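In what follows, a single structure is set out as C-alpha cells and then discussed.
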Amino acid sequence: MKFRTVKGTRDFYPTDMAIRNWIVDTWKRVSLNHGFEEYDSPIFEYLDLFKAKSGEAIVSELFHFTDRGDRELAIRPEMTPSLARMINARAQSLPLPIKWFSVPRLCRAERPQRGRLREFFQWNIDIVGIDDAVTDAECIFVAVDFFRQIGLTPADIVMKINSRALLAALLSARGFAENRHADIFVVLDKRDKLSQDDFIKSVEKITQSGSRRGKEKTTLIEIGQAHGKTGLESLAGMAEGNKSAERELTRLRNVFDILNTLGVADYCEFDMGIVRGLAYYTGVVFEAFGKAGLKRAICGGGRYDQLLEVLGGPPMSGTGFGTSDVVILDLLIELNHVPTEATISKQNDFYVIDADANLFNEVLSLVAKLRKAGFAAEFSYRRQAIGKQIKQAAANNTRWAVIVGNEYTERGVLSVKDLDTGEQVEIPIRTFLDNPHAPMGK
RNA sequence: GUGAGUGUAGCUCAGUCGGUUAGAGCACAAGGUUGUGGUCCUUGGGGUCGGGGGAUCGAAUCCCCUCACUCACCCCA
C-alpha cells in the first residue's frame, strides 16, 4: 500500500466509529447529567496562545505552521488555553460558576506509545469561578461516574487524590523553603515509578547537606509515602499547630467527605504521590489508574488558580480534568470491557424482503413509507432467494424482517419476523403501516 | 531526541536443517434449484514473505543497510 495513515493517527472504520461514538456519547451524556454545558473552539489557534501558557519549549511538541497571511498557527494540543481565552473574553458577563465540557479533537507531535497517539479525542470538564471543596469533589464525581457508566468497578480502577496546597503547607511548616518545593514535587510525583531504594536515593539528592540532612530525609519520606486513610491521619499530626496546613488538610478531608456522601468513596483514595507535573496546578489534584496491567494514569486533573490570569484574564480559580479516548479504549480492551458490536453499532428497524422479484416495487414502496415515518428501513439491492435476503437482514443488524409475498397482492397482508426470536406474524398491510412496531407488541 | 523488540493474506499466526508452485484458522465472496437467517458443507478471490543490497546452484529462512510499527525513557501543556 502506497498510502497509509500518518504516524500516530487512526482511521475509524464503521466498527471503530461505533466504539468511538459510544465513548464520546457516554462522555456527553455524563457531562449533561452533571449539569455541564458543551462548548467548542477552533481546531487551530495562534501559536502564541500555547506559548503563553506553556513556554517556548512547547513548540517542538505541537503541529504548527504559517498561513498565507504569515500568521504563526498551531493545531490545538489541549483545550485549556482555548477555554481560558473564551472565558477571559467574556469574563465580565458570564454567570458564575462556569460549568463547561468539551470533546475536542487534539494533536500532539509526540512519539506514539501505549495510551498516547498524535491525534485523539479528549474529554474536558471544568468548573470555573468557585474555589470550594464541593467543586473539587464534583469534578472527581463526574470522572468516577463515567467509569461507572462504562462498567468499571472499584476493582478495576482507583482515583488517587491529593492536595498540592496541603503538600506545600506541610513542606513550609517543616522548613523547606518555597523555592525548593518544585524539585520536591517532581520527586514525589515519580514515587510510584521508582523502586523503594531509588525513591530514597532521589529524596537524598534533594536534601540539604549538613546536620539537617537526616531529618529532612525522614520528613520527605514520611510525607511522600503517605497514602490511604492512615496516611492522611499521619499527616494530621504533622499539620498540627500550622494554620495553613490545618486549613488545607480540612479542605482535603472535606473533599473526601463529599465524595462519600455522593456514594463514590470506594473508588477514591488519598495518595501523596499524586502531584502532577503540570506547573499550574495549585490545589486538590487527582489521577485515575487502572488496577491491573495498564498502570498509566487514565485521567487527571486538579485545581488551578492562576491560569486565567496568566492568559490575560482576571484572577479566577478553576478545577477540571481531562482524559482521552485512546487511554480509555486501551483500558477497556485490557479489561475485556469493550461493548459488543451488536449493542452499539447501527441497527435497522426493518429489512424489507420480496419473495418474488415481481414484488420488488412493493418493497421499494414499503421502504419509502417506513423511512418517511422515521424508521431505519433497508432492503437488498439484489433480487434473490428469501433465505439470502434474511441473511443480509441479520448481517445488517436488523430487528424485524418484513416479507412481501404473493399474499401481499392477493390478500393484502405481509409477514413480520422478529430476527432475535424467530417469531413471525402475518398482518394486514394497513395495520402494519399504521403502527409498524405494533405486530410484535413493542 | 535515546534505547529495546517485532515485521509472512484484511486479522491472529504456522512455515522443520536454506530446497520444488508459501500455508491454516477467522474474515470476505459465490454456490448448496425456484417462500425463511445465525450452524454446516463445497468452492473462490486475496501475498513483491516491509523494502533494498549481499554471500549461495537455490532465501520467508543467513549477513548488511533501510523503512514501518510496538514498547519503554524524555515530556505530559
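Predicted model only: the values in this text are computed from it and were never measured. Quick note on labels: first sequence line is chain A, next is B, and so on, each numbered from 1.
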**Asked** For atom P, what is the distance between C62(B) and C17(B), given to the nearest Å?
**Response** 11 Å

**Asked** How far, in whole Å, is G46(B) from G38(B) if one measures between their P atoms?
**Response** 27 Å

**Fill in**
Here the distance between atom C1' of C71(B) and atom CD of E334(A), to the nearest Å, is 14 Å

**Prompt:** What integer number of Å spans the P atoms of C49(B) and U39(B)?
**Reply:** 34 Å

**Asked** Given atom CG of L419(A) and atom P of G38(B), what is their separation to the nearest angstrom?
**Response** 12 Å

**Prompt:** Counting side-chain heavy atoms from CB outward, which of C75(B), U36(B), U70(B) is closest to I386(A)?
**Reply:** U36(B)

**Prompt:** Whole Å only: how far is the CD atom of Q392(A) from the P atom of C28(B)?
**Reply:** 13 Å

**Item:** Atom pair CD/CG of Q122(A) and L106(A) - distance to nearest 0.5 Å
**Value:** 5.0 Å

**Prompt:** Is any N or O donor-acceptor pair between the side chain of R111(A) and the base of U2(B) shorter than 3.5 Å?
**Reply:** yes

**Message:** Nearest heavy atom decides the nucleotide; on that basis, is V6(A) or C107(A) closer to the 5' end of RNA chain B?
**Reply:** V6(A)

**Message:** Using the C1' atom as the point on both nucleotides, what is the distance between A72(B) and C26(B), in whole Å?
**Reply:** 32 Å

**Prompt:** Given the P atoms of U61(B) and A9(B), what is the spacing between them in whole Å?
**Reply:** 15 Å

**Asked** Between N358(A) (CG) and U34(B) (P), how many Å, whole number?
**Response** 17 Å

**Message:** Considering every strand and a 4.0 Å limit on heavy-atom distances, what is the contact class for G300(A): base, sugar-phosphate, or nothing?
**Reply:** nothing

**Asked** Do S41(A) and R76(A) have side-chain atoms, one donor and one acceptor, less than 3.5 Å apart?
**Response** yes

Side-chain polar contacts of residues 315-323 of chain A - donor-acceptor pairs under 3.5 angstrom, sequence neighbours left out - could you list them?
residue, atom, partner, partner atom, Å
S317(A), OG, R303(A), NH1, 2.7
S317(A), OG, D305(A), OD1, 2.7
T319(A), OG1, G302(A), O, 3.4
T323(A), OG1, I298(A), O, 2.5

**Request:** Measure the distance from CD1 on I333(A) to P on U70(B) and round it to the nearest whole Å.
**Result:** 13 Å

**Request:** Would you indicate what K51(A) reaches in the nucleic acid, counting non-hydrogen atoms under 4.0 angstrom: base, sugar-phosphate, or nothing?
**Result:** nothing

**Item:** CA sep, side-chain torsions, deciding dist, call: L152(A), F146(A), side chain to side chain contact (heavy atoms under 4.5 Å, CB included)
**Value:** CA-CA 9 Å; L152(A) 302 184; F146(A) 167 71; over 6 Å; no

**Message:** For the P atoms, the ones on G19(B) and on C63(B), what distance do you get once it is rounded to whole angstrom?
**Reply:** 15 Å

**hbond_proxy E407(A) side chain to G35(B) base (donor-acceptor, 3.5 Å cutoff)** = yes

**Item:** Between A29(B) and C74(B) - P atom distance, rounded Å
**Value:** 48 Å

**Message:** List the residues meeting side chain to side chain contact (heavy atoms under 4.5 Å, CB included) with S380(A), not counting sequence neighbours, and say none if there are none.
**Reply:** Y351(A), R382(A), R383(A), Q384(A), Q389(A), Q392(A)

**Request:** Confirm from the modelled atom types if R116(A) and C75(B) form a donor-acceptor pair under 3.5 Å, side chain to base only.
**Result:** yes

**Request:** Among C74(B), G35(B), U70(B), find the nucleotide with the atom closest to the side chain of I403(A).
**Result:** G35(B)

Hey, can you pull the donor-acceptor pairs under 3.5 Å for the side chains in residues 363-373 of chain A, sequence neighbours left out?
residue, atom, partner, partner atom, Å
R371(A), NE, A377(A), O, 2.8
R371(A), NH2, A377(A), O, 2.9

**Prompt:** Can you find a donor-acceptor pair, distance only, under 3.5 Å between Q424(A) side chain and U36(B) base?
**Reply:** yes

**Side-chain donor-acceptor pair present, E119(A), T9(A), cut-off under 3.5 Å** = no

**Asked** With sugar-phosphate meaning primed atoms plus P, OP1 and OP2, does Y280(A) contact a base, only sugar-phosphate, or nothing at under 4.0 Å between heavy atoms?
**Response** sugar-phosphate

**Prompt:** G45(B) and C64(B): how far apart are their P atoms, nearest whole angstrom?
**Reply:** 39 Å

**Fill in**
R114(A) CZ to C73(B) P, in whole Å, measures 12 Å

**Asked** How are the rings of F379(A) and F360(A) set to each other: parallel, tilted or perpendicular (split at 30° and 60°)?
**Response** tilted

**Prompt:** Just checking N406(A): base, sugar-phosphate only, or nothing, at a heavy-atom cut-off of under 4.0 Å?
**Reply:** base

**Complete:** Separation of G38(B) atom P from N397(A) atom CG, nearest Å, is 16 Å

**Asked** To the nearest Å, how far apart are I390(A) CD1 and G38(B) C1'?
**Response** 11 Å

List every contact pair, protein side and nucleotides 29-31 of chain B side both N or O, where the distance is under 3.5 Å.
residue, atom, partner, partner atom, Å
A30(B), OP1, R382(A), NH1, 2.4

**Prompt:** Using the ring of each side chain (for Trp, its six-membered ring), is W100(A) parallel, tilted or perpendicular to Y39(A), with breaks at 30° and 60°?
**Reply:** tilted

**Request:** Report the residues that fulfil ring-ring contact (aromatic ring centres under 6.0 Å, His included) with Y13(A), sequence neighbours left out, ordered by chain and then residue number.
**Result:** none

**Prompt:** More 5' along RNA chain B: P112(A) or S54(A), using each one's nearest nucleotide?
**Reply:** P112(A)

**Message:** Let's test your reading of the pairing rules: Watson-Crick or G-U wobble, both distances under 3.5 Å, then write RNA chain B as a dot-bracket string with ( ), [ ], | and dots.
**Reply:** (((((((..((((.....[...)))).(((((.......))))).....(((((..]....))))))))))))....

**Message:** It should be established whether Q113(A) places a side-chain nitrogen or oxygen under 4.0 Å from OP1 or OP2 of nucleotide C71(B).
**Reply:** no

**Message:** For E38(A) and S102(A): C-alpha separation, side-chain torsions, deciding distance, then whether side-chain hydrogen bond (donor to acceptor under 3.5 Å, both in side chains) applies.
**Reply:** CA-CA 5 Å; E38(A) 186 168 8; S102(A) 62; over 6 Å; no

**Item:** Residue E110(A), side-chain heavy atoms: nucleotide from G37(B), A72(B), C75(B) that is nearest
**Value:** C75(B)

**Asked** When rounded to the nearest 0.5 angstrom, what is the spacing between CG in D156(A) and CZ in R148(A)?
**Response** 13.5 Å

